[in-house]
Amino acid sequence: MKNNIILLLFLTISLNTFAQKFDGLAETPPMGWNSWNTFATDINEQLVKDIADKFVELGLKDAGYEYIVLDDGWMTRERDENGDLVPDPEKFPNGMKAVADYVHSKGLKFGLYGDAGTKTCAGYPGNRGYEYQDAKKYAEWGVDFLKYDWCSTGKQNAEASYTTMRDALYKAGRPVVLSICEWGDNEPWKWAQDIGHLWRVTGDIINCWDCEVGHGTWSSWGIWPIINMRSNIRKAAGPGQWNDYDMMEVGNGFTDAENRSHFAMWSMLTSPLVMGNDLRTASKETVKTLANKEVIAVNQDKLGIPALRFTNEGDFEIWVKPLADDEWAMVIVNMADAPRTIDFDWNKHQIGDDLHNRQLDIKNKKYKIRDLYNHNDIGDTSKNLKATIDSHDVLMVRLRK
Ligand code: GLA
């Protein structure tokens, strides 16, 4: 009896003292959907149900998408008399557990949005000072993923603030993926590995190929500025810890070619693949891109090594990514405004990743080349890779043994 009490005491103390992030939840980049890019705060129960249905109907669940995440705007402007967060009763008349239950009934997982400061970016209550209380509520509702933002944080220390929420989630006991969203301001790739499972590396994405849109104190960024914004962050990513290049804009006004390039790049960078479009009205071609299992397999490769730029000279962006079993993925994006032809002589280039000590061994091996968007084999590395690529389109290949 005495021993049991001591054991119980020990367990209680260690749970509090040795809080940690939940392990094993994001061994490959998380895949899902988030409401913000298309709906902002205009969200509700029916939308979540429709999206969950579409995950199944469109084959997205089958392709690996798992999380449905409600971003900012799901709660009322004030906490209730107990200090609890309250789902907006007009948007979520049956409460949040009912929403989570529906998502779970489809074999999917459910996520919510919070903020480390006193208010969210859209002005709803932040979690500051209520972390343990809110984490308990999330667990009661069945939340599996928390996107945790950084508005109204004043002089708060980012590492400490995100650690507090990590510990609160751990104490609440329900495994939750913690998605850190402080826009790269405090260089989370240097400290967040033991705190969260993914961290945003830039400010907000916007649906343009190569632009910056200013909003006074902050900017939104197109696809290429986001890709180019950070250097030296490759080494931070790997199983359980991912550089997050933001929710995708695939299907949000791009050409089909641009959608393919955007999706290829997010896959190559081992970014979480979080769709941000309206799945109820998505075109066949958009769904085909998002559900492309051969491209997704590159993103979900078990080594979790992010791509590196091989060259961006001339009209082409060429990126390479080491994969398991000594295979490689390669992406060639035509940045020009008209079609361009590539003629790539494998013997003239040394493709390698010094950081992970991997080289494409062209001299001793002949790799078969698989086109991941056309789903066909297009020769091997004994001959030049020749292709005409449309403006802003991509050739994405897998080099196989
Ligand atoms: C910030 C985040 C966005 C989104 C909004 C919601 O801007 O970076 O991704 O969550 O807040 O208000």
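Numbers here simply count residues along the sequence, with the first being 1. Atom set for the values below is all heavy atoms of this structure, side chains included, hydrogens, waters and symmetry mates excluded. In this text, all values refer to a predicted model and were calculated from it rather than measured experimentally. When a ligand or atom number is given, it counts from 1 through the structure's own listing order.
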Under 3.5 Å, is there a donor-acceptor pair linking the side chains of Asp134 and Asn127?
yes
Can you tell me which residue among Asp53, Asp50, Asp101 is in a salt bridge (Lys or Arg N to Asp or Glu O under 4.0 Å) with Lys106?
Asp53
All side-chain contact (heavy atoms from CB on, under 4.5 Å) counterparts of Asp149, not counting sequence neighbours
Tyr113, Asp115, Cys121, Cys181, Trp183
Check: His392 ring centroid to Trp209 ring centroid under 6.0 Å
yes
So, the side chain of Glu187 versus the backbone of Lys190: is there a donor-acceptor pair under 3.5 Å, distance only?
no
Check ligand 1 against the protein and report each N/O to N/O distance under 3.5 Å, formatted as atom name, atom name, distance.
from: ligand 1; atom 1: 7 (O); to: Asp204; atom 2: OD1; distance (Å): 3.4
from: ligand 1; atom 1: 7 (O); to: Asp204; atom 2: OD2; distance (Å): 2.7
from: ligand 1; atom 1: 8 (O); to: Trp183; atom 2: NE1; distance (Å): 2.9
from: ligand 1; atom 1: 8 (O); to: Arg200; atom 2: NH1; distance (Å): 3.3
from: ligand 1; atom 1: 8 (O); to: Arg200; atom 2: NH2; distance (Å): 3.3
from: ligand 1; atom 1: 8 (O); to: Asp204; atom 2: OD1; distance (Å): 2.5
from: ligand 1; atom 1: 9 (O); to: Lys147; atom 2: NZ; distance (Å): 2.7
from: ligand 1; atom 1: 9 (O); to: Arg200; atom 2: NH1; distance (Å): 3.2
from: ligand 1; atom 1: 10 (O); to: Asp71; atom 2: OD1; distance (Å): 2.6
from: ligand 1; atom 1: 10 (O); to: Asp71; atom 2: OD2; distance (Å): 3.3
from: ligand 1; atom 1: 10 (O); to: Lys147; atom 2: NZ; distance (Å): 2.9
from: ligand 1; atom 1: 11 (O); to: Asp149; atom 2: OD2; distance (Å): 2.8
from: ligand 1; atom 1: 12 (O); to: Asp72; atom 2: OD2; distance (Å): 2.8

For the ring pair Tyr148 and Tyr162, is the centre-to-centre distance below 6.0 Å?
yes
